[in-house]
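All of these numbers come straight from a predicted model, not from anything done at the bench.
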Amino acid sequence: MTYRNNSAAMNLSGDSTMRGILIPLEMARVQALLPHGLKLGKQTLTPAGTHPVMLFFNDIFRGHLSIPTLIPNLTYHEFHIGIPFTYLAGNGPYYYMARLYLDQLLPILGGRFFWGLPKEMASITVSAGTVFQTAAYTYTVTSPAGYPVASLSWQMTVSDFQVPTKAAYFSPILQILSQTLVSRLPAAVGPIYILSDFDKMWTAPTARVGSISTRILMDGELMIPNPVPGQPAPEWIQGLASGNLFGAFELRVPWRLSLPYPPQSRSSVFAQSWYS
Amino acid sequence: MTTSNPFGFFNAGGNGIIRGVTLPIDKSLVLDFLPAGLELGEQNVTVAGKHPVLFLFSEMSNVRMSIPTLLSPLNYHEHRVCVPFTYISKDSVTPGTPGPYCFIPKVYLDSLWADLGSLLFWGSLKEMAHFAVSAQRYMVSSGPGHNLTSLTWRIEAANGYLPVAGYPNFKLVRQMLSQPMISSGPVFLIHDFDKAWDFALVRPLWTVLQPEAVYVQGCEVGGSESAGIDSSPLGAYELRVPWRLSTPYPPLFSFRQPSLLGQSWYS
């Protein structure tokens with residue numbers, strides 16, 4: 001959010017550890033995740049015929065409004081599927097959160113009814129164990145009915161933490177994460193589109209990013225095809241690096257979410273994040 | 001609770017066998033355990049950059065209210081994680097003594113009545129869990145096949161039970177265990193969890209703490225071994241002590257000054 005954004009006067013802020021990975025999916029599959037009115041736009045991160053989709057397995061800490069309230073502390077897990085480079089009536093690029101699974105009711109209610117984000121309840125556990133003979137953590141998202149939604153295993157050692165703005169390999173992701181959120185009111189159903197600025201404090205002393213080796217399992221409509229048909233899936237996916245855009249990373253960054261505002265009020269200056 | 005604390009009139013009390021381990025954890029991780037409005041303060045237990053976190057594995061017995069009730073005394077297990085030396089931050093709306101307080105990011109127990117009592121009188125719903133306790137192991141699980149954490153211990157016959165003063169290193173632990181508990185806000189309330197230190201007995205334990213899940217969000221700690229409290233202030237111990245828990249009250253009426261920490265009504 002910028003100093004020009006009046007909707008940022010009151011905001012929700014907190015801290016986060018985000019484990020994310022960018023995957024290329026066929027455009028038709030990605031378009032199917034978008035509601036009517038949103039369109040995929042031009043991008044250069046993934047090959048032609050595909051569109052980038054972000055998977056985020058997040059720990060959210062101390063979410064709180066910038067004004068005193070009686071709302072309790074919001075510390076929860078959140079898994080979301082994000083689609084960057086989406087356009088609304090030719091304007092954008094925006095970041096659309098197609099699915100969000102959380103394990104706490106209050107942020108679900110606030111997110112869905114105030115910010116228009118399609119948040120759903122899930123059971124999310126983080127366990128420590130062994131995956132492929134390697135000590136690893138596993139972040140498991142399960143639907144209320146007990147069906148698996150997604151899981152992420154990651155190795156515990158991250159050695160190369162850097163300031164996000166100085167990590168060259170992180171630059172494309174930083175660009176994506178700086179895009180304005182687009183969502184729908186009422187209750188994430190529509191038809192009214194709104195925008196909100198989900199800013200990250202990239203230069204905060206605690207902000208850092210490192211690449212992590214991961215193993216991701218998705219289920220149902222989110223299932224990711226084996227990258228090489230006929231070949232077994234790799235045990236571990238290498239982390240994000242300069243030559244590997246489709247690797248995972250762990251990002252630690254404080255964030256602020258502005259109040260929603262109508263698309264018409266957005267000026268070009270909003271694209272320049274206060275923090276970036 | 002002190003003699004001048006009127007909120008101590010109505011309380012819950014009982015006996016506890018508390019097996020405790022103090023781990024020094026990176027401050028940046030421990031900060032994630034705290035709600036908005038609380039912050040970590042100065043402490044004299046760990047080196048700079050770290051903060052002590054207590055992992056307590058308790059067996060509570062003969063727990064009853066200070067007023068007549070129809071409930072029979074309760075016996076239950078309880079596992080709690082405590083962050084001592086937490087302070088109310090300057091931008092909080094809660095007035096009163098800033099701290100130090102002990103924040104409890106996670107409590108598990110196995111008694112429905114104790115859980116309901118906690119909700120009714122202390123305003124906090126604890127999480128139910130399954131406990132399996134043997135002579136040398138205490139295991140907490142959220143269900144079959146879903147282990148959360150376990151503590152395994154060993155005892156040396158030469159180091160038996162002594163009054164708390166018998167193990168000088170326990171002084172710092174006592175200081176932390178005497179800090180009032182603070183709620184998760186946004187309007188913070190505190191309550192005194194006092195121990196009858198004059199009647200308490202302590203003995204060192206050699207322990208292995210083995211978390212199998214990240215049940216406190218942000219706490220990425222692996223298994224850790226601890227020597228006994230006789231060899232280090234961060235050592236493990238078994239504490240047998242009667243305790244009392246006051247009703248919640250605002251920090252504005254804090255009855256305990258920081259200099260008096262460790263000197264409870266019972267000491």
Q: Could you list all the salt bridge (charged side-chain N to carboxylate O under 4.0 Å, His left out) pairs where at least one residue sits in residues 106-135 of chain B, not counting sequence neighbours?
A: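 Sorted pair list: B/Glu78-B/Lys126, B/Lys106-B/Glu127.
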Q: Please report the C-alpha distance between A/Arg62 and B/Leu38 in whole Å, then the side-chain angles of each, then the deciding distance to 0.1 Å, and finally whether the side chain to side chain contact (heavy atoms under 4.5 Å, CB included) criterion is met.
A: CA-CA 10 Å; A/Arg62 293 184 298 286; B/Leu38 289 185; over 6 Å; no
Q | When B/Ser184, B/Ala213, B/Pro186, B/Ser28 are compared by non-hydrogen pairs under 4.5 Å with chain A, the top option | A |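 Among the listed options, the one with the most contacts to chain A is B/Pro186.
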Q | Atom pair CD1 (A/Ile60) and CG (B/Asp32), whose distance is rounded to the nearest 0.5 Å | A |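 The CG atom of B/Asp32 is 10.5 Å from CD1 of A/Ile60, to the nearest 0.5 Å.
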Q | Per-residue contact mode, B/Leu31 against chain A (heavy atom under 4.5 angstrom) | A |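 Its backbone and side chain both get close to chain A.
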Q.
Sort by residue number and list every residue of residues 68-76 of chain A having at least one heavy atom under 4.5 Å from chain B.
A.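 When heavy atoms of chain B are the reference, residues 68-76 of chain A contributes A/Pro68, A/Thr69, A/Leu70, A/Ile71, A/Pro72, A/Asn73, A/Thr75, A/Tyr76 within the under-4.5 Å range.
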(Q) A side-chain contact here means heavy atoms from C-beta on lying under 4.5 Å apart; do B/Gln217 and A/Thr17 qualify? (A)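 They are not in side-chain contact.
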